[in-house]
Number of protein chains: 2
Amino acid sequence: MSVTIKDVAKKAGVATSTVSRTIQDSSSISEKTKQNVRRVMKEIGYRPNLTARGLVKQTTQTIGVILPVSQGQGFQNTFFLSMIRGISKACNEKKYMVSLASGTTEAELLESIQTMAEGGRVDGFIVLYSKKDDPIIEYLHQEKVPYAMIGKPYKYENEMLYVDNDNVVAGKDAANYLLQLGHKKIAFIGEDAKQMVIRERLKGYTQALEDAGIQIDEELILDVTLPEAAYQRKIKQLFGNGDFPTGIVASDDLIALNMSYLLSGFGLKIPTDVSIIGFNNSIFAEKFRPELTSIDLHTDSLTSQTVYQLIELMVGKQTLAVKIILPHQIIERQSCIRNDN
Amino acid sequence: MSVTIKDVAKKAGVATSTVSRTIQDSSSISEKTKQNVRRVMKEIGYRPNLTARGLVKQTTQTIGVILPVSQGQGFQNTFFLSMIRGISKACNEKKYMVSLASGTTEAELLESIQTMAEGGRVDGFIVLYSKKDDPIIEYLHQEKVPYAMIGKPYKYENEMLYVDNDNVVAGKDAANYLLQLGHKKIAFIGEDAKQMVIRERLKGYTQALEDAGIQIDEELILDVTLPEAAYQRKIKQLFGNGDFPTGIVASDDLIALNMSYLLSGFGLKIPTDVSIIGFNNSIFAEKFRPELTSIDLHTDSLTSQTVYQLIELMVGKQTLAVKIILPHQIIERQSCIRNDN
DNA sequence: CTGAAAGCGCTTACAG
DNA sequence: CTGAAAGCGCTTACAG
């Protein structure tokens, strides 16, 4: 129905192979012929059928993006969307397409990934999360499907491609930033300690305090995913009296913003009473008041590096298990001030 | 390299056409042969090559999802991700795959959509936004590419498939809810009045007030995308003195949450001083404090209906320009109380 | 109920 | 520099 290489060939008076070669700008075709063929292609509105090309080339020029099985990852929401957007952007640039793999259960996700991979619909995958004992990773690894991870792997760390920040150092820097401003009682509030990224930031926070000779107080470490009642009690315990923490490291900007509201319930203001630093330097860090000091993770590079490296891997140019660690950066805004008590 | 229909045929001692037919569970193949073939398929781990199938069937079993060109759609972030997840879920169920189309400019987006559509990589598209003079819609329409919109179209309203809520009524219901609680001075705070959905909710708000015999006060209508300084000034003007609005309709939960913080800057508390109702009933409505009363738009049905209808359209079963309007529902939580002043 | 053959729209050795 | 032919892995009339 739609116009094919045959139509072009006929109209241009050449063989289909010649058309195919001019599409690929093969050097074995004379400029003159190419120009003629190109003119005809434009004239009759030819667009290559990617499916046919994929069939013979055994490649699809598409990357599958694997989202985590959805489970109350509320605060990470906006992070995933920006990952998707970033990957999409890098793929456009490289003339790749992106397909999405997601599922409501692990089995559903795996099934969907299998049909994509074995059905020849994608050349490789990008995994957007990292968790323990993940059957998805296990599958990709066993089947030798090319894949890359954004984040730090639990397993196969030395055998796979991944791009990440150094979240331990990032957590450390966040805590150090507050320490240098004179804060001594600093809380860490994170989402779901099962996630690798949260664990790492927490580890960094711990190190910073220890390096500063401050004893770690478990009461100052909170998990947002605690049952509601417990969480409220903890918050009250922390901020409901005079001896509250004057600094908070929040594992995500949105958590920081929620804290800012919770604090106002105790009559505490940011940054006057409490300084707070977030992560991700998301759009909310700028939009909300007070503007949030936040750690930028360079998500744009995170995604583009991942795409570039994965492509190298898929086309076979690169076979080493490269790991790329990107720097982070504190973006200072108005949520942290000096505390000299 | 990987195992094909030929391998199965050889091993099972039948023709490839027989294998093909048992894959499709054709009634013209005896149960006995089918079982034998299936056994062999399982044995040697056969998975159909979707690309090859797509080439002959002229169908790809994939749906393209079109994201808006990114432009500070901060507060909508989480909405898009849930749309994507919902579509993905419905597609899994129907054995469809989803490809993403996005771009940093309109030209890039269009280009990407064109190669997907004309390259035969998708059977149809779902457009996740609605805006005026959209070249994307224009293209899809002219080329007669099957597509559906989530939201209300600006153009071709009677010629295209779309699934939406009645956002005018939703806006009206939100305002009425506050009116019935005794509020008289009610503000509307929305993101980017250029978006269809915001305009509709605003229209509903206006109608509700008029029906209640309340004169519309333009000062009570705010656009979050205003330049920072202007926005701050307006907010201060509204809430910086004793005669502040006691009710707020916020076009998104996150806007409501930001307001809750801004208000605390003026010493105002939710719901004691000001009641506020949001939209989308997002995860944040539950997670933040106070828990937000919000309008649920049944996004799950929004996405699944869209997928089902689009599939009908793509396979040619349905050619009418169906529009589906889903109901909304107020989820009452703790951010609105009675006001009898 | 089953098979041989043509064809989907491309690409790529192989000849010339 | 160009073309005829085979083939990528399937599906589907057409015969029998």
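For the numbers below, each heavy atom of this structure counts, side chains included, while hydrogens, waters and symmetry mates do not.
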Original post:
What is the nucleic acid contact for A:S30, judged by heavy atoms within less than 4.0 Å: base, sugar-phosphate only, or nothing?
Top reply: sugar-phosphate
Original post:
With sugar-phosphate meaning primed atoms plus P, OP1 and OP2, does B:V14 contact a base, only sugar-phosphate, or nothing at under 4.0 Å between heavy atoms?
Top reply: sugar-phosphate
**OP:** Using distance alone, with no hydrogens and no angle criterion, decide if B:D123 and B:Y96 have a side-chain donor and acceptor under 3.5 Å apart.
**Re:** no
Subject >> Selection from C:dG9, D:dG3, D:dA13 that lies nearest to any side-chain heavy atom of B:Q58 >> reply: C:dG9
Subject >> B:V56 side chain, from C-beta outward: closest of C:dT2, D:dT11, C:dG3 >> reply: D:dT11
**OP:** Among the candidates D:dG9, D:dG3, D:dT12, find the nucleotide nearest to the side-chain atoms of B:N49.
**Re:** D:dG9
**OP:** Identify whether any heavy atom of B:S27 sits under 4.0 Å from a base atom; if not, whether one sits that close to sugar-phosphate; answer base, sugar-phosphate or nothing.
**Re:** sugar-phosphate
Original post:
Taking N and O atoms by type only, does the side chain of A:R47 place a donor or acceptor under 3.5 Å from a partner on the base of C:dG9?
Top reply: no
Original post:
Taking the inter-plane angle between the rings of B:Y147 and B:H141 on a 0 to 90° scale, is it parallel (under 30°), tilted (30 to 60°) or perpendicular (over 60°)?
Top reply: perpendicular
Original post:
Between A:D164 (side chain) and A:I325 (backbone), is there a donor-acceptor pair under 3.5 Å?
Top reply: no
**OP:** Mind calculating the distance between CD1 (B:I29) and P (C:dT2) to the nearest angstrom?
**Re:** 5 Å
**OP:** Using only heavy-atom distances, determine whether the side chains of B:E111 and B:T115 contain a donor-acceptor pair under 3.5 Å.
**Re:** no
Original post:
Is B:K94 positioned over the aromatic face of B:Y308, cation under 6.0 angstrom from the ring centre and no more than 45 degrees off axis?
Top reply: yes
Original post:
Within this structure, what is the CG-to-C1' distance between A:D7 and C:dC10, rounded to whole angstrom?
Top reply: 13 Å
Subject >> Lys/Arg N to Asp/Glu carboxylate O, B:E93 vs B:K89, below 4.0 Å >> reply: no
Subject >> 5' precedence on DNA chain C between B:A15 and A:L50 (nearest-nucleotide basis) >> reply: B:A15
Original post:
Has A:T16 got a side-chain N or O lying under 4.0 Å from the OP1 or OP2 atom of D:dG3?
Top reply: no
Original post:
Is a donor on one side and an acceptor on the other found under 3.5 Å between the side chain of B:T62 and the backbone of B:S99?
Top reply: no
Original post:
What's the CD-P distance between A:Q35 and D:dC1, to the nearest Å?
Top reply: 13 Å
**OP:** With heavy atoms under 4.0 Å as the rule, sort A:S28 into base, sugar-phosphate or nothing.
**Re:** base
Original post:
To the nearest angstrom, how far is B:I5 atom CD1 from D:dG7 atom P?
Top reply: 18 Å
Subject >> Whole angstrom value for the distance that separates C1' of C:dT11 from CG of A:D25 >> reply: 16 Å
**OP:** Establish, with yes or no, whether the OP1 or OP2 oxygen of D:dC1 is under 4.0 angstrom from a side-chain nitrogen or oxygen of A:T18.
**Re:** no
Original post:
Roughly how many Å is it from CD1 in B:I23 to P in D:dC10, rounded to a whole number?
Top reply: 7 Å
**OP:** Looking only at side-chain atoms of B:K6, point me to the closest of D:dC8, D:dT12, D:dA13.
**Re:** D:dC8
Original post:
Distance check: side-chain N/O of A:T4 vs OP1/OP2 of C:dG9, anything under 4.0 Å?
Top reply: no
Subject >> Sugar-phosphate only, base, or nothing, as touched by B:T51 at under 4.0 Å among non-hydrogen atoms >> reply: nothing
**OP:** May I ask you to decide whether B:R38 forms a salt bridge with B:D25, counting only side-chain N to carboxylate O separations under 4.0 Å?
**Re:** yes
**OP:** Could you work out which one of D:dG3, C:dG3, D:dT2 sits closest to the side chain of A:S17?
**Re:** D:dG3
Subject >> Presence of salt bridge, B:E106 and B:K131, under 4.0 angstrom >> reply: yes
Original post:
According to a strict under-4.0 Å criterion, is A:Q24 in side-chain N/O contact with OP1 or OP2 of C:dT12?
Top reply: yes
Subject >> B:S26 vs B:K57, nearer the 5' end of DNA chain C by closest nucleotide >> reply: B:S26
Original post:
Just the dot-bracket of DNA chain C, please: which string comes out with Watson-Crick or G-U pairs under 3.5 Å, [ ] for crossing, | for another strand?
Top reply: |||.||||||||.|||
Original post:
Between B:L55 (CG) and C:dA6 (P), how many Å, whole number?
Top reply: 18 Å
**OP:** Taking only the side-chain heavy atoms of A:R21 (C-beta and beyond), determine which of C:dT11, C:dC8, D:dG3 contains the nearest atom.
**Re:** D:dG3
**OP:** When you get a sec, tell me which of D:dC10, C:dC14, C:dG9 is the closest nucleotide to the side chain of A:A52?
**Re:** C:dG9
Subject >> B:R53 side chain, from C-beta outward: closest of C:dT2, D:dT11, C:dT11 >> reply: D:dT11
